[in-house]
Amino acid sequence: MSARENWPSEKISPEDLLTMARDAADRAYVPYSHFHVGAALLFEGDEVIKSCNVENSSYGITICAERAGVVIMISQGKKNPLAIAVAGSHESSDDYFKTACPPCGACRQALAEFNKNMLVVMASKDGAKVYELKKLLPHAFSLEHEE
Ligand code: THU
């Protein structure tokens, strides 16, 4: 069964969520890389949280859009994201809907903390594609040891 068949909302499509992620990327604070990333997290009841990447002159403390989304989610008392869309592009182009912006490894781990069955939407040249987080991060670290 394809990941899209398990899509959790009738109201918000993967394409809608990707558009929300793309909108969030406009708010990115990226004076160093000029690479804008937006994320949109989908919850039960069709609630959505949008976030973007925030860079710093101390480069290493930059926060990715996906982990910024996790921080907002927890701060707002939410815990179970059903899906996330991620859109990114260098500000000199407009590739948000053509090229995938795959979540980095650290963000995959951060997302897996809250729902191992989460779906992940990314752009592709053929439109929005839906992936399962557990396939993007096999053998995620967990303190609960599984055989
Ligand atoms: N970035 C994200 O926001 N999410 C990712 O999953 C990977 C990278 C950001 C960090 C930095 O601001 C810019 O993209 C270039 O690395």
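Counting from 1, the numbers follow the sequence of the chain as shown. One-based numbering, in listed order, for ligands and for the atoms of each. The figures that follow rest on heavy atoms only: side chains count, while hydrogens, waters and symmetry mates do not.
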Shortest non-hydrogen contact between Leu119 and Ala3, atoms and distance: CD1-O, 3.7 Å

Ligand-residue contact atoms, ligand 1 with Thr62, heavy atoms, under 4.0 Å: 10 (C), 11 (C), 12 (O)

Top protein contact for atom 3 (O) of ligand 1, by heavy-atom distance: Ala65 N, 2.9 Å

Residue and atom name of the nearest protein heavy atom (relative to atom 11 (C) of ligand 1), distance in Å to one decimal: Glu55 OE2, 3.3 Å

Salt-bridge criterion met for Arg22 and Asp26 (N-O under 4.0 Å): yes

Nearest-contact summary for atom 1 (N) of ligand 1 - protein heavy atom, Å: Cys64 SG, 3.7 Å

Lys/Arg N to Asp/Glu carboxylate O, Glu66 vs Lys50, below 4.0 Å: no

Contact partition for Cys104 relative to ligand 1, non-hydrogen atoms under 4.0 Å: both

For atom 9 (C) of ligand 1, the protein heavy atom that lies nearest, with its residue and separation: Asn53 ND2, 3.4 Å

Atoms of ligand 1, numbered as shown, that sit under 4.0 Å from any heavy atom of Phe35: 14 (O)

Within-4.5 Å side-chain heavy-atom neighbours: Leu133 and Asn115: no

Over all atoms of both residues, closest heavy-atom pair of Asn56 and Thr62: N-OG1, 3.6 Å

Single-linkage hydrophobic cluster, 4.5 Å side-chain cutoff, Leu136 and Trp7 together: no

Atom 15 (C) of ligand 1: the protein heavy-atom neighbour that sits closest, reported with distance to 0.1 Å: Ser33 OG, 3.7 Å

Close N or O approach (Pro103, ligand 1; < 3.5 Å): no

Residue and atom name of the nearest protein heavy atom (relative to atom 4 (N) of ligand 1), distance in Å to one decimal: Glu66 OE1, 2.8 Å

No-hydrogen, no-angle side-chain donor-acceptor test under 3.5 Å, Thr19 and Asp16: no

